[in-house]
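All remarks here apply to the structure that follows.
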2 protein chains.
Amino acid sequence: MSDEPSARRGIPDATVARLPVYLRALGALAERGTATVSSEELASAAGVNSAKLRKDLSHLGSYGTRGVGYDVEYLVYQISRELGLTQDWPVVIVGIGNLGHALAGYAGFATRGFEVVALFDSDPAVVGQQIGPLTVLPLDALEAFTAEQPVAIGVVATPAGPAQAVCDRLVEVGVRSVLNFAPVVLQVPPGVDVRKVDLSTELQILAFHEQRKAVAEAMGLDDADDDGGAAAAAAQAISAVTS
Amino acid sequence: MSDEPSARRGIPDATVARLPVYLRALGALAERGTATVSSEELASAAGVNSAKLRKDLSHLGSYGTRGVGYDVEYLVYQISRELGLTQDWPVVIVGIGNLGHALAGYAGFATRGFEVVALFDSDPAVVGQQIGPLTVLPLDALEAFTAEQPVAIGVVATPAGPAQAVCDRLVEVGVRSVLNFAPVVLQVPPGVDVRKVDLSTELQILAFHEQRKAVAEAMGLDDADDDGGAAAAAAQAISAVTS
DNA sequence: TAGATTGTTAATCGATTAACAATC
DNA sequence: TAGATTGTTAATCGATTAACAATC
């Protein structure tokens with residue numbers, strides 16, 4: 001209940017979001033045979049500031065050695081454990097179009113920690129298709145399937161239209177973690193986590209910065225921020241000139 | 001240079017990241033024929049707090065009407081303009097495997113603001129494939145292509161191995177915005193923006209919370225945070241019992 | 001005018017970072 | 001012991017939120 005030195009209580013969200021990045025960087029180091037890494041090296045591989053990395057890791061415990069650094073393998077294990085990757089989470093994918101198909105075959109799932117246990121689609125032309133070791137099941141088999149076998153994570157890879165209804169059904173059968181690829185904001189009850197992967201959103205964020213850069217350049221490098229509202233208009237003008 | 005009332009200088013990153021979400025919610029409202037929306041309604045559709053929404057929009061300017069709300073169409077235009085979507089950004093996709101193929105055909109690009117102008121792959125078996133209006137070009141044609149036609153955004157959809165080299169080449173030919181789907185942390189020079197879309201990362205973040213929820217439940221609902229390090233171990237134990 | 005809702009203020013909260021004492 | 005590097009402190013910065021005056 002009190003705040004002991006390195007008590008591990010409530011790891012900040014920002015830290016949790018970076019742990020997978022560290023894990024990835026550590027994996028690459030391990031492959032190259034690196035046994036030990038300093039916070040400086042690991043931070044640079046992960047693209048963050050070393051103070052931030054140390055602060056993040058300190059939330060998990062004291063797994064480094066002063067004067068030496070971190071043991072790569074041991075840190076991989078500790079982060080994996082913290083993220084819950086030392087067990088296998090059963091995953092279902094709903095919507096086996098182009099994207100769902102790509103996801104079903106994606107190596108990311110092969111990553112320790114997850115197992116795709118079923119694929120669902122409502123299109124009779126897709127149902128029955130074999131993808132790797134799995135056969136695409138009709139969406140209406142969802143309830144029967146989950147009655148037999150627990151599912152931790154549901155991936156929604158349908159078009160926008162049916163996404164909310166699919167999500168509702170996943171929640172209904174007990175799924176409390178949803179990864180949403182459909183271009184809609186899913187509404188879920190409290191206790192259910194949704195994360196969204198969205199191509200358009202990412203592109204739009206890049207476009208914003210791209211526009212800023214175009215304006216900054218046109219204005220002579222510095223002061224991109226001091227636009228009093230002119231950035232968009234200026235970018236338009238630039239675009240008009242350059243195309 | 002000074003801070004006038006609603007001078008638009010440096011929109012916070014957190015706000016920029018949410019503008020696409022608002023845009024999407026507004027699009028859905030527009031489709032349903034809604035002409036006007038209050039911050040309360042729009043916030044709920046976007047899954048955020050209404051104070052946050054108003055604060056975010058206030059960074060763009062004063063586009064609402066007190067006592068009334070926001071004109072949906074006008075707000076769509078203002079956000080689009082701010083994000084730089086009233087012009088078309090040329091996009092290339094490198095790596096036309098399962099995922100790249102899905103991306104090339106993805107409706108997200110059809111969204112106003114982006115145009116896929118070329119697809120590249122280094123596999124001779126893939127080069128020459130026709131995808132929609134485009135033919136997959138050999139990766140080695142990248143330099144010649146960009147010499148002819150400007151490219152704003154590069155999408156890296158290769159496997160992890162070649163991703164950094166591909167990114168380097170994109171940067172070399174002048175691309176300053178990269179959307180990375182490969183499971184690596186790309187290193188880029190200052191002035192280049194990288195955004196990462198990563199299935200594993202998202203799954204791992206969900207797994208962390210899923211684990212917390214499992215533990216919370218086993219401990220009798222409350223106090224999920226007060227684990228002094230026991231969450232992971234407890235989840236393991238739970239998993240062992242329930243499987 | 002009365003009711004509704006924005007835009008802004010100010011307080012709070014959480015995240016980042018530099019700096020350095022602890023310690024291998 | 002001397003050098004290196006962690007883990008933690010404390011200062012700073014940015015983001016969130018409630019509350020409300022401005023105003024349609």
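If you're wondering where the values come from, they're calculated on a predicted model, not measured in any experiment. Naming convention: chains lettered A, B, ... in sequence-line order (proteins, then strands); numbering from 1 in each chain.
In this structure, CG of A:Leu75 is placed 15 Å from C1' of D:dT5, rounded to the nearest angstrom. Per the geometry, CG belonging to B:Leu57 stands 9 Å off P belonging to C:dT6, to the nearest Å. A:Leu53 places its CG atom 14 Å from the P atom of D:dT8, with the value rounded to the nearest Å. B:Glu40 has its CD atom 14 Å from the P atom of C:dG7, to the nearest Å. Nucleotide D:dA15 holds its P atom 13 Å from the CG atom of B:Leu19, rounded to whole Å. For the pair B:Lys52 NZ and C:dG7 P, the computed distance is 18 Å after rounding to whole Å. Between the CG atom of A:Asp56 and the P atom of C:dT16 there is a distance of 7 Å, given to the nearest Å. Atom CG in A:Leu60 sits about 13 Å away from atom C1' in D:dG7, given to the nearest Å.
Residue pairs satisfying the salt bridge (charged side-chain N to carboxylate O under 4.0 Å, His left out) criterion with at least one member in residues 24-48 of chain B, sequence neighbours excluded, are listed as follows: A:Asp198-B:Arg24. Residue pairs that meet the salt bridge (charged side-chain N to carboxylate O under 4.0 Å, His left out) test with at least one member in residues 180-190 of chain B, sequence neighbours left out, do not exist here. Pairs of residues two or more places apart, or lying in two chains, that qualify as salt bridge (charged side-chain N to carboxylate O under 4.0 Å, His left out) and include a residue from residues 42-56 of chain B are B:Arg18-B:Asp56.
In this view, A:Arg66 satisfies the side chain to side chain contact (heavy atoms under 4.5 Å, CB included) rule with no residue, not counting sequence neighbours. B:Ala182 meets the side chain to side chain contact (heavy atoms under 4.5 Å, CB included) test with B:Val156, B:Thr158, B:Ala163, B:Asn180, B:Val184; sequence neighbours excluded. Scanning for side chain to side chain contact (heavy atoms under 4.5 Å, CB included) contacts around A:Glu172 gives an empty result, with sequence neighbours left out. Under the side-chain hydrogen bond (donor to acceptor under 3.5 Å, both in side chains) criterion, B:Asp13 pairs with no residue, sequence neighbours left out. In terms of the side chain to side chain contact (heavy atoms under 4.5 Å, CB included) criterion, residue partners of B:Asp71 (sequence neighbours excluded) are, by chain and number, B:Glu73, B:Tyr74.
Here A:Ser39 does not reach the OP1 or OP2 of D:dT5: none of its side-chain N or O atoms lies under 4.0 Å away.
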Could you go over nucleotides 9-12 of chain D and give all protein N or O partners under 3.5 Å, atom names and distances?
none

N/O to N/O distances under 3.5 Å, protein versus nucleotides 20-24 of chain C:
residue	atom	partner	partner atom	Å
C:dA22	N3	A:Arg66	NE	2.9
C:dT23	O4'	A:Arg66	NE	3.3
C:dC24	O4'	A:Arg66	O	3.4
C:dC24	O2	A:Arg66	O	3.4

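The CG atom of A:Leu179 sits 6.0 Å away from atom CG of B:Leu199, with the distance rounded to the nearest 0.5 Å.
Out of C:dA18, D:dT6, C:dT16, the shortest distance to the side chain of A:Tyr70 is found at D:dT6. If you check D:dA15, C:dA15, C:dT17 against the side chain of A:Ala51, the one that comes closest is C:dT17. When each of D:dT16, C:dT17, C:dA15 is scored by its nearest atom to the side-chain atoms of B:Arg18, the top-ranked nucleotide is D:dT16. The B:Ser62 side chain lies nearest to C:dG7 when the options are D:dT6, C:dG7, D:dT16. With D:dA15, D:dT16, C:dT17 as the choices, the nucleotide that has an atom nearest any side-chain atom of B:Pro12 turns out to be D:dA15.
For the residue pair A:Thr201 and B:Ala17, the shortest heavy atom distance occurs at CG2-O, 4.3 Å. Residues A:Thr36 and A:Val72 share a closest heavy-atom pair of N-CG2, 3.9 Å. Contact record, A:Ala157 with A:Phe181: CA-CB, 4.3 Å, taken as the closest heavy-atom pair. When all heavy atoms are compared, the tightest approach of B:Phe208 to A:Glu82 is CD1-O, 3.2 Å.
In the region residues 23-32 of chain B, proximity to DNA chain C at under 4.0 angstrom, judged on heavy atoms, holds for none of the residues.
Judged by closest nucleotide on DNA chain C, A:Asp13 is the one of A:Asp13 and A:Asn49 placed further toward the 5' end.
Salt-bridge annotation for A:Lys213 and B:Asp193: present, with a side-chain N of the basic residue lying under 4.0 Å from a carboxylate O of the acidic one.
Stems are defined here as 3 or more consecutive Watson-Crick or G-U wobble pairs with pairing distances under 3.5 Å; those involving DNA chain D are C:3-24 with D:3-24.
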- request: For B:His209 and B:Ile205, run side chain to side chain contact (heavy atoms under 4.5 Å, CB included): C-alpha distance rounded to whole Å, both residues' side-chain angles, the deciding distance at 0.1 Å, then the answer.
  value: CA-CA 7 Å; B:His209 292 292; B:Ile205 295 170; 4.0 Å; yes

